[in-house]
Amino acid sequence: MADVEEFVESAGLYFERLGLSRTAGRIVGVLLTDPGDSTDAPGLCELLGVAKSSMSVALRQLEQGGLIERFRPPRGRRDHYRLAEDVFGRAFQAKMAEFTAFAQLAEQGLAAVGDNPKSRARLELMRDMYGFMGREFPKLLDRWHRERH
């Protein structure tokens, strides 16, 4: 099990670099490797050794981001959590909004720097790259869905 624990910790660090909390990333790691379909918050707290309040915040973050789903099993007493269907497709779709935001930020920078050629070149590269990604990424996701299903 040491390898699974290592993976869970690596997932925590990875998702933390993407903007989630480390605990949220560790939860994703657990849900990716857990042989069961779901788990509850107290089980996650015990497994990851985190406080109930930290767990609550992380689960809410993941649920609001569309990465996990909360449900109550039949005759269950507690809510359970599982990875959302197409969790990674959803994560990429959420990131697509950032392409537009970065392109708009670059436009704001272009308006601010005036005629400075070096600054303009960097900001134009930023605007053009994120504009390209914003146009092309949805096509790539559509292709992924066609190939996957």
Drop me the distance from [X]'s [atom1] to [Y]'s [atom2], to the nearest 0.5 angstrom.
X    : Y    : atom1 : atom2 : answer
Y130 : T100 : OH    : OG1   : 12.0 Å
M133 : D128 : CE    : CG    : 13.5 Å
R127 : R120 : CZ    : CZ    : 7.5 Å
L67  : F15  : CG    : CZ    : 7.5 Å
R122 : M126 : CZ    : CE    : 12.0 Å
D79  : F71  : CG    : CZ    : 9.0 Å

[X] and [Y]: which non-hydrogen atoms are nearest, and at how many Å?
X   : Y   : answer
A11 : G25 : CB-O, 3.6 Å
E85 : E69 : N-OE2, 3.9 Å
Y81 : L31 : O-CD2, 3.7 Å
R72 : G76 : CD-O, 3.3 Å

[Y] and [X], any side-chain heavy atoms less than 4.5 Å apart:
X    : Y    : value
N116 : K118 : yes
R82  : I68  : no
D86  : H145 : yes
R143 : E147 : yes

Check: So does Q108 have more than 12 non-hydrogen atoms from other groups sitting under 6.0 Å from CD?
Finding: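 Count not over threshold, so no.
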
Checklist line | F137: partners by ring pair (Phe, Tyr, Trp, His ring centres under 6.0 Å), with sequence neighbours left out | finding: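 Residues passing ring pair (Phe, Tyr, Trp, His ring centres under 6.0 Å) with F137: F92, F99.
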
Checklist line | Joint hydrophobic cluster, L83 plus W144, side-chain heavy atoms closer than 4.5 Å | finding: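 Cluster IDs for L83 and W144 differ.
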
Checklist line | same_hphob_cluster(L125, L105) at 4.5 Å side-chain heavy-atom cutoff | finding: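 Cluster IDs for L125 and L105 differ.
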
Check: residues 38-58 side-chain donor-acceptor pairs under 3.5 Å, at least two apart:
{"unit_1": "S38", "atom_1": "OG", "unit_2": "H80", "atom_2": "ND1", "d": "3.2"}
{"unit_1": "D40", "atom_1": "OD1", "unit_2": "G43", "atom_2": "N", "d": "2.8"}
{"unit_1": "S56", "atom_1": "OG", "unit_2": "R60", "atom_2": "NH2", "d": "3.3"}

Next item on the list: List for me each residue that meets side chain to side chain contact (heavy atoms under 4.5 Å, CB included) alongside E16, sequence neighbours excluded, and say none if there are none.
Entry: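 Side chain to side chain contact (heavy atoms under 4.5 Å, CB included) check on E16 returns L13, R22.
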
